[in-house]
Amino acid sequence: MSKRETITKLPQAFYARPTLEVAPDLLGKYLIYKAATGRIAARIVEVEGYLPVDDPACHAARGLTRRNRPMFGPPGRSYIYFIYGMYHCLNFVTEQDGTPGAVLLRAAEVVAGRELLVFPRGGKRTDRYPLSGPGKLCRAFGLSMDQNDLDLTGDRLYLEDRHENDVTIKQSPRIGIKVGVDHPWRFYDANSSAVTRPR
DNA sequence: GTAGTGATTTTCT
DNA sequence: GAAAATCACTACA
């Protein structure tokens with residue numbers, strides 16, 4: 001306990017900012033999820049921003065739909081969608097209420113609750129299995145549509161600020177999209193080995 | 001080691 | 001009916 005070790009839950013005001021300000025700030029923060037079986041904590045190392053304007057890759061680019069409705073709501077909530085018939089992706093809603101914007105969580109390092117994670121092939125080789133990818137991450141956490149539109153200032157799913165400053169932030173184009181690739185809105189911690197590997 | 005493709009279902013046109 | 005903010009497996013060098 002040398003320095004300040006105050007751990008604070010990120011307030012709604014943290015999310016109520018432009019997406020491109022929130023996204024890099026998320027690196028080095030900790031994601032806490034209280035599952036039915038216990039508590040999981042992971043350090044965020046890779047995210048992508050999806051903006052309300054000038055972003056054809058954003059789900060909200062074509063207006064409000066049933067799926068992207070949480071993005072149009074108030075900030076500080078979760079937005080989870082199902083894709084490719086088998087994977088879920090977790091986002092944090094940003095911007096003001098009524099303005100669609102979100103940050104996709106792409107990769108994290110588990111620091112607590114590793115034994116609670118769900119892995120492919122029935123849970124073999126759980127050691128050192130990286131949460132490198134949005135689909136993997138949600139599967140490991142057991143996230144599904146049941147956790148969609150949760151309040152991130154609540155107790156079930158939230159982020160902690162542990163005041164880490166040893167994050168080397170880099171940015172690059174986003175991954176897995178076909179339009180809007182020219183926007184470098186992916187942010188990651190260059191010190192982490194859990195970030196998505198380039199193809 | 002890299003490259004290519006099947007899986008599988010929700011959502012929107 | 002087609003596409004989707006992905007992953008893991010298979011084939012081949």
Side-chain angles (χ1 to χ4, degrees), chain A residues 15 18-27 31 42 44-73 75 77-95 99-110 117-150 152 157 159 170-189 192-199:
Chain A
Y15 306 97
T19 306
L20 289 182
E21 287 184 25
V22 178
D25 279 0
L26 283 169
L27 298 177
L31 174 68
I44 297 173
V45 298
E46 182 180 349
V47 298
E48 284 181 4
Y50 286 87
L51 308 199
V53 293
D54 197 26
D55 186 3
C58 183
H59 284 173
R62 295 205 171 199
L64 177 67
T65 64
R66 179 181 174 77
R67 178 171 61 177
N68 65 27
R69 192 178 53 211
M71 272 206 288
F72 285 81
R77 302 182 77 90
S78 63
Y79 166 46
I80 297 177
Y81 62 88
F82 192 68
I83 195 160
Y84 296 128
M86 29 172 86
Y87 296 109
H88 296 274
C89 294
L90 170 63
N91 300 251
F92 305 124
V93 177
T94 58
E95 308 282 348
T99 303
V103 177
L104 168 68
L105 178 57
R106 285 193 59 86
E109 297 169 350
V110 179
L117 298 179
V118 178
F119 294 99
R121 314 269 316 203
K124 254 194 145 185
R125 55 186 186 184
T126 57
D127 290 347
R128 302 193 177 273
Y129 190 93
L131 298 182
S132 55
K136 286 183 188 175
L137 210 146
C138 286
R139 179 186 51 201
F141 272 61
L143 295 175
S144 68
M145 295 311 283
D146 293 342
Q147 285 76 39
N148 190 25
D149 205 21
L150 281 184
L152 297 178
L157 181 68
L159 297 182
K170 294 214 171 187
Q171 68 185 101
S172 80
R174 292 171 295 180
I175 294 176
I177 56 174
K178 293 185 174 163
V179 288
V181 193
D182 46 322
H183 297 305
W185 295 333
R186 167 176 176 256
F187 301 90
Y188 62 98
D189 179 2
S192 173
S193 59
V195 297
T196 308
R197 304 245 302 156
R199 195 65 165 167

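Convention: sequence-line order gives letters A, B, ...; per-chain numbering from 1.
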Tell me yes or no: between the side chains of A:T196 and A:E46, is some donor less than 3.5 Å from an acceptor?
yes
Let me spell it out: for each of A:N68 and A:M86, pick the nucleotide of DNA chain B with the closest heavy atom. Which residue's pick is nearer the 5' end?
A:M86
Given atom [atom1] of [X] and atom [atom2] of [N], what is their separation to the nearest angstrom?
X	N	atom1	atom2	result
A:H88	B:dT10	NE2	C1'	10 Å
A:I80	C:dT6	CD1	P	16 Å
A:N148	B:dT11	CG	C1'	14 Å
A:I83	C:dA8	CD1	C1'	17 Å
A:I175	C:dA4	CD1	P	17 Å
A:R139	C:dA5	CZ	P	19 Å
A:L90	C:dC7	CG	P	13 Å
A:K136	C:dC7	NZ	C1'	8 Å

Compute the centroid of each ring, for A:Y81 and then for A:H88, and state whether the two points are separated by less than 6.0 Å.
no
Under the 3.5 Å rule, do the base of C:dA5 and the side chain of A:Y81 count as making a donor-acceptor pair?
yes
Verify the contact: side-chain N or O of [X] to OP1 or OP2 of [N], cut-off strictly under 4.0 Å; return yes or no.
X	N	answer
A:R66	B:dT10	no
A:R62	C:dA3	no
A:T65	B:dT11	no
A:K178	C:dA4	yes

What's [X] touching, base or sugar-phosphate or nothing? Going by heavy atoms closer than 4.0 Å.
X	result
A:G135	sugar-phosphate
A:F82	sugar-phosphate
A:L104	base
A:M145	nothing

Mate of B:dT2 across any strand shown (Watson-Crick or G-U wobble, both atom pairs under 3.5 Å) is C:dA11
Distance between the P atoms of B:dA3 and C:dA5, in whole angstroms?
24 Å
Audit row: A:Q171, A:R186, side-chain contact (heavy atoms from CB on, under 4.5 Å) steps and yes/no:
CA-CA 5 Å; A:Q171 68 185 101; A:R186 167 176 176 256; over 6 Å; no
Is there side-chain contact between A:V45 and A:F187, with at least one heavy-atom pair below 4.5 Å?
no
Salt bridge present between A:R174 and A:D182 (N-O < 4.0 angstrom):
no
The reported gap from CD1 in A:I177 to CD1 in A:I175 (rounded to nearest 0.5 angstrom) is 9.5 Å
A:Y50 on top of C:dA5's base, within under 5.5 Å and under 30°?
yes
